[in-house]
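The sequence lines fix the lettering, A, B, ..., with proteins before strands; numbering per chain opens at 1.
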Amino acid sequence: MRDRIVFHIDANSAYLSWEAAYRLSHGDTIDLREIPAIVGGDPVKRSGIVLAKSIPAKKLGIATGEVLWKALQKCPNLKIIKPNYSLYMKCSKAMNEIISEYAPQVQRFSIDESFAEFTGTNKLWGDPVQLAYTIKNRIRDELGFTVNIGVSSNKLLAKMAGELRKPDMVHTLFPEELEEKFWPLPIGELYGIGRATTPKLQRQGIMTIGDLARMDSEFLQYKLGKYGLVIWKYANGIEDSMTREATDGIKGIGNSSTLKKDLDDRETAHLFLLSLTEMVSMRLRDSGNMCGLVSVSIKYTDLGKVSHQRKLFYSTDNTNEIFNEVRRLFDESWNNEAIRHLGVRVSHLSSSDDYQLPILDTEKFEKNRNLDSTIDDLRLRFGKNSIIRSSFLHTPIKPVTGGVGEDDYLMMGSIL
DNA sequence: TCTGGGGTCCTAGGACCC
DNA sequence: TCTGGGGTCCTAGGACCC
């Protein structure tokens, strides 16, 4: 018997599989998974990248994150599907409902990945690997898409196990299997090691996860700080974070968007920031939080980035107050060059139950709060464009920007 | 026609206080 | 009189994840 049993469940090519399953169940005869197909953005809006690809598309050299026109060069008759996030949220929910029938504790890690804790369920469900097959097959047969399930004694190893071979597979990666299954993998495949760290480690002669595992941990800590010790532990399969319910722990809320056209006048920038702020503050209120910090980010045409943030004197969830800060932050940081992308983000969240009236201007603040909640209600019931600020009339800027595609934004919280 | 959008965590340096 | 050292808070930016 093992101390701990954790599963990592990961939908294979999630967006594409979900589109395929949905379309087949609605009378389509072509399975998107069997032709060169991708789910991707809109090149006209300059947000055209590959979000998910079929295996035939992968075989033609198409990669996730690649710009659409490049993917089209590799495959001119590539089938391109626009993302439909509300469908994906439903699929994600259905997948997690099946998992929750078995697991006492489920942690949603992203829209298409979850951890499930099975520690102490041996009497109830028997052999964990058999159970993993049961769950995997039920998702496939009942929902029409496949998942990989990784089984191990902590979250890191369960996740790495799930990555081993895809699709539609169950893998274990227990500590006694590290040498055989884990250590031969290239260093860049380790969770936590990305584009910047891979070449750094390679220059030290660390090419595989095993090379990293065998390094002196103090040397790594000296070279890379705290992070050096973390990745050394990962390489040795050491990780002890708990599987926690995802309800708590949101740290910040932000929306950002690339503009259809580069922009160089302050007024339009302000308007765009207002439309982002509308979405961010609506999501903030929906989450039941107030924010104590506001930040603005600017990406210029040459892709140079700046960000500017400021702590507030008191927390707020009011659109106008947040926007006043956003506008100030923008004005302080903009260098008058052409802007490609703008972002608004709030953090230092605290529960709005603890809301306290400011000492001054009590009446004005109460009025603002009531106005916000009325607008939120209308937008939730009738769509986000049902009520808009007059400043957006006769402008090309959409009154509410951020979140998911052109559809009315569906609150994550009310769907997941 | 270069390179989306949503997050989290860590670090470094400056300000400020004692 | 020429300036130590620790602690904390704040901001900017980088790295990573999906």
Side-chain angles (χ1 to χ4, degrees), chain A residues 8 10-11 13-15 38-52 63-73 82-83 85 88-89 92 108-115 155-156 159-160 162-163 188-201 221 224-231 234 241 246 249-262 276 279-280 283 287 292-313 329 332-333 340-349 401-405 409 412 416:
Chain A
H8 175 261
D10 183 356
S13 316
Y15 292 177
I38 61 156
V39 174
D42 183 352
V44 179
K45 283 170 55 196
R46 306 197 303 177
S47 59
I49 65 158
V50 176
L51 297 168
T64 304
E66 185 169 42
V67 280
L68 284 194
W69 60 265
K70 265 192 189 166
L72 278 167
Q73 277 180 350
K82 271 206 198 169
Y85 291 97
Y88 308 156
M89 289 187 223
S92 172
R108 306 188 62 145
F109 194 58
S110 72
I111 193 164
D112 62 343
E113 283 180 44
S114 290
F115 290 103
K155 280 158 64 181
L156 184 266
K159 178 160 171 60
M160 295 306 299
E163 304 286 328
E189 301 209 357
L190 182 62
Y191 181 78
I193 297 188
R195 248 186 358 189
T197 311
T198 301
K200 252 190 235 174
L201 293 174
Q221 206 171 352
L224 301 167
K226 203 190 264 189
Y227 173 70
L229 188 60
V230 170
I231 58 174
Y234 283 2
S241 69
I250 163 175
K251 300 284 170 64
I253 294 172
N255 281 115
S256 66
S257 185
T258 300
L259 293 136
K260 285 199 183 76
K261 254 183 79 190
D262 285 350
L276 287 165
M279 178 56 84
V280 168
R283 290 175 59 203
S287 76
L293 182 80
V294 177
S295 31
V296 166
S297 61
I298 305 172
K299 205 186 279 181
Y300 292 104
T301 308
D302 63 4
L303 301 175
K305 285 177 284 190
V306 285
S307 68
H308 196 28
Q309 64 181 52
R310 190 150 46 227
K311 198 173 178 287
L312 304 173
F313 286 114
L329 288 164
E332 287 167 7
S333 47
R340 178 185 173 87
H341 174 110
L342 285 169
V344 170
R345 161 160 219 89
V346 295
S347 50
H348 288 192
L349 304 186
T401 298
V404 294
Y409 186 77
M412 276 287 218
L416 287 181

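At a threshold of 4.0 angstrom between heavy atoms, the contacts of A:Glu113 are confined to the sugar-phosphate backbone, with no base atom among them. Across all strands shown, A:Leu293 has heavy atoms under 4.0 Å from sugar-phosphate atoms exclusively, and none from any base. Within the 4.0 angstrom heavy-atom criterion, no nucleotide atom of any strand lies near A:Ile231. If you check every strand for non-hydrogen atoms under 4.0 Å, A:Leu51 touches a base. Note on A:Gly65: nothing from the nucleic acid sits closer than 4.0 angstrom, heavy atoms only.
Nearest nucleotide to the A:Ser257 side chain, out of B:dC10, B:dG5, C:dC17: B:dG5. Listed candidates were C:dT11, B:dT8, B:dC10. Nearest to the side chain of A:His308 is C:dT11. Of the candidate nucleotides C:dT11, B:dG4, B:dT8, B:dT8 has the atom nearest to the side chain of A:Lys251. Looking at the side chain of A:Lys159, the nearest of the listed nucleotides C:dC18, B:dG4, B:dT8 is C:dC18. Here the nucleotide nearest the side chain of A:Gln309, chosen from C:dC18, B:dT11, C:dT11, is C:dT11. Minimum atom distance to the side chain of A:Val67 is reached by B:dT3, of the listed B:dT3, B:dT1, C:dC18. The side chain of A:Trp69 approaches B:dT1 more closely than any other nucleotide in the set B:dT1, C:dA12, B:dG4.
Exactly one residue among A:Arg108, A:Lys155, A:Lys159 makes a salt bridge (Lys or Arg N to Asp or Glu O under 4.0 Å) with A:Glu113. That residue is A:Lys159.
Of the inter-residue distances, the one linking A:Leu342 atom CG with A:Lys299 atom NZ reads 11.0 Å to the nearest 0.5 angstrom. Rounded to the nearest 0.5 Å, atoms NZ (A:Lys70) and CG (A:Leu68) are 12.0 Å apart.
Using a 4.0 Å cutoff on non-hydrogen atoms, the parts of residues 194-201 of chain A near DNA chain C are A:Gly194, A:Arg195, A:Ala196, A:Thr197, ordered by number.
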Inset, instruction - Quick one: do A:Asn255 and A:Arg345 satisfy side chain to side chain donor-acceptor pair (under 3.5 Å)? Show the steps, please. - result: CA-CA 6 Å; A:Asn255 281 115; A:Arg345 161 160 219 89; over 6 Å; no
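Between A:Ser256 and the phosphate of B:dG4, there is no side-chain N or O to OP1/OP2 separation shorter than 4.0 Å. Phosphate proximity of B:dG5 to A:His341: present, with a side-chain N or O under 4.0 Å from OP1 or OP2. Within the 4.0 Å cut-off from OP1 or OP2 of B:dG6, at least one side-chain nitrogen or oxygen of A:Asn255 is found. Between A:Arg345 and the phosphate of B:dT8, there is a side-chain N or O to OP1/OP2 separation shorter than 4.0 Å. For the pair A:Lys299 and B:dG4, the criterion of a side-chain N or O lying under 4.0 Å from OP1 or OP2 is met.
Taking atom CG of A:Leu342 as the reference point, atom P of B:dG6 lies 12 Å away to the nearest angstrom. For the pair A:Tyr88 OH and B:dG6 P, the interatomic distance rounds to 16 Å; values are reported in whole Å. In this entry the distance linking CG of A:Leu68 with C1' of B:dT1 reads 11 Å, nearest Å. With rounding to whole Å, A:Leu303 atom CG is found 16 Å from B:dT1 atom P. Distance OH (A:Tyr85) to C1' (B:dG6): 9 Å, rounded to an integer number of Å.
Of all non-hydrogen atoms in A:Gly343 and A:Ser256, the two that sit nearest each other are CA-CB, 3.5 Å. Listed here is the closest heavy atom pair of A:Ala52 and A:Tyr15: CB-CB, 3.9 Å.
B:dG6 and C:dC17 make up a base pair, with Watson-Crick or G-U wobble contacts both under 3.5 Å.
Ring planes of A:Phe109 and A:Tyr191: tilted class, angle from 30 to 60°.
Residues A:Ile231 and A:Ile193 are in side-chain contact: their nearest non-hydrogen atoms beyond the backbone lie under 4.5 Å apart.
Ion pairing between a basic and an acidic side chain is recognised when a charged N comes within 4.0 Å of a carboxylate O; A:Glu332 and A:Arg310 show such pairing.
If you take atom C1' in C:dG4 and the same atom in B:dC16, they sit 16 Å apart, rounded to whole Å.
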